[in-house]
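Everything on this sheet refers to the single structure shown next.
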Number of protein chains: 2
Amino acid sequence: MTRRSTLGARNRGIPEATVARLPVYLRALHTLADRGIVTVSSEELAAAAGVNSAKLRKDLSHLGSYGTRGVGYEVQYLVYQISRELGLTQDWSVAIVGLGNLGRALAGYGGFASRGFRMAALLDADPAIVGERINGLTVEHIDKLEHVITDCGISIAVLAVPASAAQAVCDRVVASGVTSILNFAPVVLTVPDGVDVRKVDLSIELQILAFHEQRKAGGPAGVEHEYLEAVDGQ
Amino acid sequence: MTRRSTLGARNRGIPEATVARLPVYLRALHTLADRGIVTVSSEELAAAAGVNSAKLRKDLSHLGSYGTRGVGYEVQYLVYQISRELGLTQDWSVAIVGLGNLGRALAGYGGFASRGFRMAALLDADPAIVGERINGLTVEHIDKLEHVITDCGISIAVLAVPASAAQAVCDRVVASGVTSILNFAPVVLTVPDGVDVRKVDLSIELQILAFHEQRKAGGPAGVEHEYLEAVDGQ
DNA sequence: CCCTGTGAAGCCATTCACAGCT
DNA sequence: AGCTGTGAATGGCTTCACAGGG
């Protein structure tokens, strides 16, 4: 058994599953705070976040003992602790690469700058887009990528480029010092150790839904119709 | 121990984690097929999909024994089997509700209609947007939601509406018969049993990246600076 | 001999249930 | 009396390692 600090839970090594839920709790807490609610029980907060209360308590216990037995959690205090744990008490400069429809939508997304994230640069390869002003920022040519990333101290890059360009752009942002990437291109990116990639993929999400949808309707189709019939024309 | 069919693995009950990876394998297979590759080993396919080969083989084993020992998997055959399992051999009609920046980006997304998904309806509440033509479809007023969903046989809805409207829109699409929802609004949706919801949330993804980014830089900030200083007035 | 398919082991996450603090 | 924090139990997923077919 691993020995821990005597004083409660100053534990480095928060489970990944917990980390993924902290932002959800944080949002729920902000909503409660806006309604002027001062204290919340694990039961109530769990309901607001769409999880069960045991999971919520276990998750929060990884950060420390921030609740009061018999009472619950102080909303503002928990907001602060989760924000600090997630690294939102400091500002992160974010660059968006690729300003097609999706990139523009992301650039215009409000809740973005709201907490901890500063949209610091927009980059695109298309001369027709370069120079355009979007949400108060001028789109720079991707040739300046290395320069811009270094100058603005950007550590997080959002890739909204075509699939065919994604790996090359990824390599360049990594070479420039970016260590976190949010990838919207439908490709598996290869990065060195120490670089984190998260993927958002509409098409994959739809396919997962289709699987469950089909299941509700009673198992896969084509069980009795042969593979060769199906490929035939294809 | 659960008794299984004697004949290998015609197993209903594919693990959720596997289902989530099947679309990735499918995309990798399509890429291989485009390059004219006929046969692939688990090692090669796993590399293309960004997983290890043991996981890939275990995943595929849940669908059946579609490989050949000593050889590998036939690309086209595997494409067909995974497509069928995911329910992509039939067409699904999808509605997008909310045609702000994000909704437009989604509506214009090509790889969408590509395999199995037909964009069947666009809906919005804003009179300035209703009537507009996007990607060959006319935006309908959200008043017609129930009508459109029933008529077009829509079972999957994509919500790209403001957070404040999301639950209400969700309730309406569910009442109209939709049983799968892809939610881009930053709220936790409540739905009846039997309805699947998947969430895509830019802000959450960024916060998860920030957590790891902060960790690389050496643990949470503000450990030695007190909570009360930070909130000040509180 | 190569590569798949799979028991078995190990690891991580969720859930239960209650001791202990307020 | 109420609610948190947490050991212990459970269940699911990943990884190992190899039996067995081609």
Side-chain angles (χ1 to χ4, degrees), chain A residues 1-22 24-25 29 32 37-75 77-78 81-82 208, chain B residues 1-22 24-25 29 32 37-75 77-78 81-82 208:
Chain A
M1 190 215 252
T2 328
R3 195 73 191 92
R4 273 205 278 158
S5 143
T6 349
L7 248 182
R10 196 67 274 158
N11 187 11
R12 227 82 320 268
I14 297 177
E16 194 53 37
T18 296
V19 172
R21 281 186 297 265
L22 290 179
V24 180
Y25 302 154
L29 286 165
L32 294 172
I37 292 168
V38 174
T39 292
V40 69
S41 71
S42 66
E43 202 69 54
E44 294 162 336
L45 182 52
V51 302
N52 72 48
S53 63
K55 194 188 281 183
L56 175 88
R57 289 200 302 278
K58 178 76 81 178
D59 282 343
L60 294 184
S61 78
H62 288 115
L63 316 189
S65 290
Y66 296 140
T68 308
R69 288 166 198 242
V71 180
Y73 302 89
E74 206 217 316
V75 173
Y77 185 53
L78 203 47
Q81 292 298 347
I82 294 179
I208 296 171
Chain B
M1 190 218 250
T2 327
R3 197 74 190 89
R4 271 204 280 159
S5 142
T6 350
L7 247 183
R10 194 67 274 156
N11 187 12
R12 226 80 322 265
I14 297 177
E16 194 53 37
T18 296
V19 172
R21 281 186 297 265
L22 290 179
V24 180
Y25 302 154
L29 285 165
L32 294 173
I37 292 168
V38 174
T39 292
V40 69
S41 72
S42 66
E43 201 69 55
E44 293 162 336
L45 182 52
V51 302
N52 72 48
S53 63
K55 194 187 280 183
L56 175 88
R57 288 199 303 277
K58 180 75 84 179
D59 282 343
L60 295 184
S61 78
H62 287 115
L63 314 190
S65 290
Y66 296 141
T68 308
R69 290 166 197 240
V71 180
Y73 302 89
E74 204 218 316
V75 173
Y77 184 53
L78 204 46
Q81 292 297 347
I82 295 180
I208 296 171

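Throughout, protein chains are lettered first and strands after them, A, B, ... in sequence-line order, and every chain is numbered starting at 1.
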Inset, instruction - Please determine if a side-chain N or O atom of Tyr73(B) lies less than 4.0 Å away from the OP1 or OP2 oxygen of dG5(C). - result: yes
Inset, instruction - Please state how far atom CD in Glu44(B) lies from atom C1' in dC2(C), giving the value in whole angstrom units. - result: 12 Å
Inset, instruction - Specify the closest pair of heavy atoms between Asn52(A) and Ala46(A), including all atoms of both residues, with the distance to one decimal. - result: C-CB, 3.7 Å
Legend entry - Whole-Å distance separating the CG atom of Leu56(B) from the P atom of dC16(D): 15 Å
Legend entry - Most 5' of Gly70(A) and Thr18(A) on DNA chain C, judged by nearest nucleotide: Thr18(A)
Legend entry - Residue pair Val40(A) / Leu45(A): nearest heavy atoms and the distance that separates them: CG2-N, 3.7 Å
Legend entry - Polar pair under 3.5 Å, donor/acceptor by atom type, side chain Arg69(A), base dT22(C): no
Inset, instruction - Report the distance from atom CD of Glu43(A) to atom P of dT4(D), rounded to the nearest whole Å. - result: 8 Å
Legend entry - Between dT4(D) (P) and Leu78(A) (CG): distance, integer Å: 11 Å
Legend entry - Side-chain N,O (Lys55(A)) to OP1/OP2 (dT15(C)) below 4.0 Å: yes
Inset, instruction - With heavy atoms under 4.0 Å as the rule, sort Glu16(A) into base, sugar-phosphate or nothing. - result: sugar-phosphate
Inset, instruction - May I ask you to verify if any side-chain N or O of Arg21(A) is less than 4.0 angstrom from the OP1 or OP2 atom of dT14(C)? - result: yes
Inset, instruction - Report the residue (Pro15(A) or Arg57(B)) whose heavy-atom-nearest nucleotide on DNA chain C is the more 5′ of the two. - result: Arg57(B)
Legend entry - Distance test, side-chain N/O of Asn52(A) to OP1/OP2 of dT14(C), below 4.0 Å: no
Inset, instruction - In whole angstrom, give the distance that lies between atom OH of Tyr77(A) and atom P of dT4(D). - result: 16 Å
Legend entry - Ile37(B) and Glu44(B), any side-chain heavy atoms less than 4.5 Å apart: no
Inset, instruction - Could you tell me whether the phosphate oxygens of dC3(C), OP1 or OP2, come under 4.0 Å of any side-chain nitrogen or oxygen in Ser42(B)? - result: no
Legend entry - Between P of dA17(C) and NZ of Lys58(A), the distance in whole Å: 14 Å
Legend entry - Leu22(A) and Leu63(A), any side-chain heavy atoms less than 4.5 Å apart: yes
Inset, instruction - Measure the distance from NE2 on His62(B) to C1' on dG7(C) and round it to the nearest whole Å. - result: 12 Å
Inset, instruction - Mind calculating the distance between CG (Asp59(A)) and C1' (dT6(D)) to the nearest angstrom? - result: 13 Å
Inset, instruction - Specify the closest pair of heavy atoms between Tyr73(A) and Arg57(A), including all atoms of both residues, with the distance to one decimal. - result: OH-CG, 3.8 Å
